[in-house]
Amino acid sequence: MKEVSVKLPLSGSRGYKISVGTGVIKRLGSIYDLERYSRIFIVTDDTVKPMFLDALSSSLPAKPASLTLPAGEKHKDIDTVGRIWTAMHEAGCDRKSLVINLGGGVIGDIGGFAASTYMRGVDFLNIPTTLLAQVDASVGGKTGFNFDGIKNLVGTISQPVGIVIDTDTLASLPERELTAGFAEIIKHGAISDAAYFDKVVARRPTEYSPEALADIIAESCRIKAAVVHDDETEAGKRKLLNFGHTVGHAVEALSHQTDKPLLHGEAISIGMMAEADISARLGRLPAEDLERLRQALTDAGLPVSVRGLDPDDIREKMRSDKKNTGGRLNFTLLDGIGRASYDQEVAEPTVKEALRTVLE
């Protein structure tokens, strides 16, 4: 089993560990001291429950309470959060309880938010079951839900007591889900480590052995943990992780209003291409690096364009993005593969031109 330490010295918050390995769900009780909790409450969804809930429950020191939610981004709303609070209260959860979020990014986000606000905050532990959640959503303490048509408009930054990544869960993923997770992996290399970028794009996502994939997951967690270490609350450096997300979140939200909704990683792939194009138009990113990124995403099986969306609708969604201030559009832009800058204001005409390159 591999372990990655997440240390948070700047805010004085506790640190935690990320455990990566095979069969770790069944060994959770030996990794963490769970007997100190008065109640354990599991949040999962109807896709994950039949595959992993029994194995998790049997590893715990006492029988847990649980809530199974319908799977999908469309359920990531305040009504679902309310269901979690109600179920926790009915299960007798108090301030010494532990919430375990068993599922993908949606479960981690809403389960983490519910835990961070129930009785002003109880401990929670994340067990991400998708590649995307394992390398991104579960790490760093961001929680939240979608509101008023805006992705993650409401949320908190509240750190888990730990993250357990069982690579056995990846065998259950459809190829499309596994591929979508690689968007964030490629992003980590693009913004901070050119050698890692070259390593992860050397093969298609489905061509990596379980052992090699575990190494990649651990390294992506280390990259994100290092960024979070320096900037837990996203006041500065952590914004580097937003590369591809200003456009990507808007594209993702709008795609869910069509009959061909995009997965988060797919939308971020398109967002990275648009924001890399902006970088190139501003003279920051060499043309050959723009093409390296395009080829890497294409070879991985990720989309670099989308059909049927209106550029004006995308720009309107982007204006509501929480990363922007005072109505200005702020981006994380590439200065080359492995190097990026955050809080870069970009003029509307340049944004509009870049959007045309990713809209079919």
Side-chain angles (χ1 to χ4, degrees), residues 1-7 15-28 30-32 52 102-105 108 125-140 160 162-230 240-241 243-244 263-265 268-269 272 292-293 295-302 337-340:
M1 184 173 67
K2 304 175 187 298
E3 287 194 353
V4 178
S5 294
V6 181
K7 299 179 180 179
Y16 56 92
K17 65 182 179 182
I18 304 170
S19 304
V20 184
T22 180
V24 289
I25 287 178
K26 299 176 182 178
R27 295 184 282 123
L28 186 66
S30 65
I31 300 173
Y32 290 94
F52 306 116
L102 175 68
L125 188 149
N126 289 332
I127 305 181
T129 57
T130 65
L131 181 59
L132 183 68
Q134 289 172 357
V135 300
D136 184 60
S138 68
V139 183
I163 298 171
V164 172
I165 296 175
D166 192 331
T167 53
D168 290 350
T169 64
L170 299 180
S172 68
L173 294 183
E175 182 176 336
R176 183 185 175 192
E177 289 271 3
L178 186 72
T179 299
F182 253 76
E184 295 286 358
I185 291 172
I186 292 170
K187 180 201 74 178
H188 289 150
I191 64 172
S192 67
D193 191 330
Y196 181 64
F197 178 89
D198 290 337
K199 173 184 176 179
V200 300
V201 303
R203 300 178 183 176
R204 290 180 62 89
T206 54
E207 294 174 349
Y208 284 99
S209 68
E211 295 77 14
L213 197 53
D215 287 338
I216 288 172
I217 292 168
E219 186 58 31
S220 263
C221 287
R222 287 189 190 98
I223 289 173
K224 184 162 186 180
V227 174
V228 173
H229 169 278
D230 292 342
L240 291 173
L241 297 167
F243 174 58
L263 297 176
H264 176 72
I268 296 309
S269 176
M272 283 194 285
R292 281 176 68 193
L293 179 63
Q295 194 62 52
L297 294 170
T298 302
D299 289 347
L302 289 160
I337 298 297
R339 294 180 293 117

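If you're wondering where the values come from, they're calculated on a predicted model, not measured in any experiment. Values below: all heavy atoms of this structure, side chains included; hydrogens, waters and symmetry mates excluded.
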Mind listing the closest non-hydrogen atom pair of Tyr16 and Gly140 along with its distance? OH-N, 3.2 Å
Side-chain heavy atoms of Ser269 within contact of Phe182, under 4.5 Å: no
A side-chain contact here means heavy atoms from C-beta on lying under 4.5 Å apart; do Glu219 and Val200 qualify? no
Sub-4.5 Å side-chain heavy-atom contact between Glu211 and Thr167: no
Only one of Ile223, Leu240, Leu241, Val227 clears side-chain contact (heavy atoms from CB on, under 4.5 Å) with Ser192; which? Ile223
May I ask you to test the Leu131-Pro205 pair for a side-chain heavy-atom distance under 4.5 Å? no
Does atom CD of Glu175 have more than 12 heavy-atom neighbours, drawn from other residues, nucleotides or ligands, at distances under 6.0 Å? no
At their closest point, which heavy atom of Gly244 faces which heavy atom of Ile268, and how far apart are they? O-CD1, 3.8 Å
With a 4.5 Å cut-off on side-chain heavy atoms, are Ser220 and Ile185 touching? yes
Determine the minimum heavy-atom distance between Ser19 and Met1, stating which atoms define it. CB-SD, 3.7 Å
Smallest heavy-atom separation, Leu263 atom then Ala180 atom, equals CD1-CB, 4.0 Å
Is the closest side-chain heavy-atom distance between Ile127 and Phe52 below 4.5 Å? no
Salt bridge or not between Asp299 and Arg292? Use side-chain N to carboxylate O under 4.0 Å. no
pair Thr169-Ile25: side-chain heavy atoms closer than 4.5 Å: yes
Under the side chain to side chain contact (heavy atoms under 4.5 Å, CB included) criterion, do Lys224 and Val135 qualify, and how do the steps go? CA-CA 8 Å; Lys224 184 162 186 180; Val135 300; over 6 Å; no
Shortest non-hydrogen separation from Val6 to Ala225 and the atoms involved: CG2-CB, 3.9 Å
To the closest 0.5 Å, what do you measure between CD (Glu184) and CZ (Phe243)? 11.0 Å
Can you name the closest pair of heavy atoms from Phe197 and Ile186 and give their distance? CE1-CG2, 3.6 Å
Other residues, nucleotides and ligands only: do more than 12 of their heavy atoms fall within 6.0 Å of NZ on Lys26? no
Residue that, paired with Met272, satisfies side-chain contact (heavy atoms from CB on, under 4.5 Å) out of Leu302, Leu297, Ile191: Leu297
When you compare the side chain of Arg27 with that of Val24, does any pair of heavy atoms fall below 4.5 Å? yes
